[in-house]
Participant: 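Just dropping this structure here.
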Amino acid sequence: MEEAKIKKNYRNFRRSEKSIMRAYVSLIQKKKKITVTDIVNTADLNRSTFYAHFKSVDDVREKIQSDVIMDLLGTLDKRDYRDSLKDPYKAMKRVMDFIKSDEDFYKMLLNIDGADKFLKKLRDIVIEHYMSDVVILPYIKNRDEFEMRLRLFIGGYVSVIEDWAHGNVNMPLEKCTVIISELIKTCVKTYTENK
């Protein structure tokens, strides 16, 4: 009996947390500055419920971004980490497909204050993915220089995603993904060839 009550309380907690986050997402599309009052009115909750979950409106945004990062990590299959540099397009396509799966939401998320932290996390995830390659990486000569170039390419890719979200890219995201993955593939080839 006690376990059923705990499960019900947990479900209620999660439901109200999701209501707060949905209210935030709904509001961010309409107004630049959001208050706790805006959120609780939209979610039809009281302030104490909000504060049981979050300390501030910024905490809501950070939770949403953190959840998105966790979901993104789930799309990058750990088995693919072994040889991700062999086909750099595969991981980048998963990131692109993830973003395109809810394009309007991610464009909105990339256009709000604090998006720079989210983009930095995105960049770091993709770099870590490639730098976890245990098949190709041991054959990379001058690994520090290679990693610097990889950071340049991935930082550029993340910047392209941001520009795409702002409507500043006149090319489909798919084509941008192919171009940058080809640059990485060329870089890998350069750093693995016998000198």
Side-chain angles (χ1 to χ4, degrees), residues 21-22 24-32 61-62 64-133 135-137 139-140 142-193:
M21 292 191 300
R22 277 194 298 272
Y24 177 88
V25 170
S26 166
L27 288 163
I28 200 68
Q29 296 174 29
K30 300 172 191 161
K31 55 194 296 188
K32 187 103 172 127
R61 182 195 71 239
E62 288 175 16
I64 291 169
Q65 291 176 342
S66 175
D67 286 356
V68 167
I69 291 294
M70 293 307 293
D71 290 346
L72 179 58
L73 279 170
T75 67
L76 293 172
D77 191 335
K78 293 286 186 193
R79 291 172 295 164
D80 291 342
Y81 278 51
R82 291 189 63 251
D83 65 350
S84 57
L85 289 170
K86 186 167 110 182
D87 182 8
Y89 178 75
K90 192 167 27 174
M92 293 175 78
K93 183 177 184 327
R94 286 198 177 149
V95 170
M96 178 196 65
D97 288 346
F98 179 81
I99 291 169
K100 300 247 334 150
S101 71
D102 195 349
E103 189 172 319
D104 292 335
F105 174 76
Y106 293 112
K107 280 184 175 181
M108 181 274 309
L109 189 63
L110 294 170
N111 279 297
I112 62 175
D113 290 338
D116 54 325
K117 291 178 187 174
F118 172 75
L119 289 164
K120 183 184 180 321
K121 286 180 187 175
L122 175 61
R123 186 199 71 202
D124 292 346
I125 285 170
V126 177
I127 290 169
E128 180 185 331
H129 182 83
Y130 289 126
M131 294 307 291
S132 297
D133 184 312
V135 175
I136 306 292
L137 213 52
Y139 298 100
I140 298 287
N142 197 341
R143 193 163 161 172
D144 290 339
E145 190 176 306
F146 172 78
E147 183 176 348
M148 186 273 307
R149 288 179 189 227
L150 182 65
R151 287 182 176 281
L152 177 68
F153 295 139
I154 299 305
Y157 183 59
V158 170
S159 181
V160 165
I161 290 171
E162 180 181 23
D163 286 346
W164 168 81
H166 293 302
N168 298 330
V169 174
N170 296 325
M171 180 183 302
L173 192 54
E174 293 86 353
K175 183 156 174 98
C176 299
T177 302
V178 168
I179 290 169
I180 295 176
S181 66
E182 288 299 318
L183 289 170
I184 294 171
K185 192 183 278 188
T186 301
C187 185
V188 168
K189 185 177 178 189
T190 300
Y191 280 89
T192 56
E193 288 179 343

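These figures come from a predicted structure and were not determined experimentally.
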Participant: For the backbone of G155 and the side chain of S159, can you confirm whether one donor and one acceptor N or O come within less than 3.5 Å of each other?
Facilitator: no
Participant: Locate the shortest heavy-atom distance separating I154 from V126; write the atom from each residue and the value.
Facilitator: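 That would be CD1-CG1, 3.6 Å.
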Participant: For the CD1 atom of I179 and the OH atom of Y157, what is their distance to the nearest 0.5 Å?
Facilitator: 11.0 Å
Participant: Does atom OH of Y139 have more than 12 heavy-atom neighbours from other groups under 6.0 Å away?
Facilitator: no
Participant: How far apart are the closest heavy atoms of A165 and N111, and which atoms are they?
Facilitator: O-ND2, 3.1 Å
Participant: Testing the basics here: between D133 and K86, what is the closest heavy-atom pair and its distance to 0.1 Å?
Facilitator: OD2-N, 4.1 Å
Participant: Provide the closest heavy-atom pair for R151 versus D124 in the form atom of the first, atom of the second, distance.
Facilitator: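 That closest heavy-atom pairing would be NH1-OD1, 4.5 Å.
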Participant: Does a side-chain heavy-atom distance below 4.5 Å link I161 with V95?
Facilitator: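 When only atoms from C-beta onward are counted, V95 and I161 do touch, with a gap below 4.5 Å.
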Participant: With rounding to the nearest 0.5 angstrom, report the CG to CE distance, D67 to M21.
Facilitator: 5.0 Å
Participant: First locate atom CZ of F118, then atom CG of L109, and finally report the distance between them rounded to the nearest 0.5 Å.
Facilitator: 5.0 Å
Participant: Which distance, rounded to the nearest 0.5 Å, do you find between the CG of L73 and the CZ of F98?
Facilitator: 9.0 Å
Participant: Taking 4.0 angstrom as the limit, do K120 and D116 come out as a salt bridge?
Facilitator: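 No, K120 and D116 are not salt-bridged.
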Participant: Take V68 and Y106, measure what side-chain contact (heavy atoms from CB on, under 4.5 Å) needs, and give me the verdict at the end.
Facilitator: CA-CA 9 Å; V68 167; Y106 293 112; 3.5 Å; yes
Participant: Which atoms form the tightest heavy-atom contact between L110 and A115, and what is the distance?
Facilitator: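 Nearest heavy atoms, L110 then A115: O-CB, 3.6 Å.
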Participant: Roughly how far apart are I180 CD1 and F153 CZ, rounded to 0.5 Å?
Facilitator: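 So the CD1 of I180 and the CZ of F153 are separated by 9.0 Å.
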Participant: On a heavy-atom basis, which atom in L122 and which in I69 lie closest, and how many Å separate them?
Facilitator: N-CD1, 4.0 Å
Participant: side-chain contact (heavy atoms from CB on, under 4.5 Å) between V25 and M108: does it pass, once the steps are laid out?
Facilitator: CA-CA 8 Å; V25 170; M108 181 274 309; 3.6 Å; yes
Participant: Has S66 got a side-chain atom pairing as donor or acceptor with E62's backbone, closer than 3.5 angstrom?
Facilitator: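 Not at all, since once roles are kept as given, no pair shorter than 3.5 Å links the two residues.
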Participant: Would you sort out whether N142 and F146 count as a side-chain contact (heavy atoms from CB on, under 4.5 Å), showing the intermediate values?
Facilitator: CA-CA 6 Å; N142 197 341; F146 172 78; over 6 Å; no
Participant: Got a salt bridge between E103 and K107, using NZ or NE/NH1/NH2 to carboxylate O under 4.0 Å?
Facilitator: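 Looking at K107 together with E103, the answer is yes, because their closest N to O distance falls below 4.0 Å.
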Participant: Start with the C-alpha gap between I184 and M92, add the side-chain angles, then the distance that decides, and say whether side-chain contact (heavy atoms from CB on, under 4.5 Å) holds.
Facilitator: CA-CA 11 Å; I184 294 171; M92 293 175 78; 3.9 Å; yes
Participant: So Q65 and R61, do their side chains get closer than 4.5 Å, heavy atoms only?
Facilitator: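 When only atoms from C-beta onward are counted, Q65 and R61 do touch, with a gap below 4.5 Å.
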Participant: Indicate yes or no for a side-chain donor-acceptor contact from Y130 to the backbone of P88 under 3.5 Å, with no hydrogens or angles considered.
Facilitator: yes
Participant: Between E145 and Y191, is any side-chain donor less than 3.5 angstrom from a side-chain acceptor?
Facilitator: yes
Participant: Should the pair E174-K93 be classified as a salt bridge under the 4.0 Å nitrogen-to-oxygen rule?
Facilitator: no
Participant: To the nearest 0.5 Å, what is the distance between CE on M171 and OG1 on T177?
Facilitator: 11.0 Å
Participant: Between C187 and L150, is there a side-chain heavy-atom distance shorter than 4.5 Å?
Facilitator: no
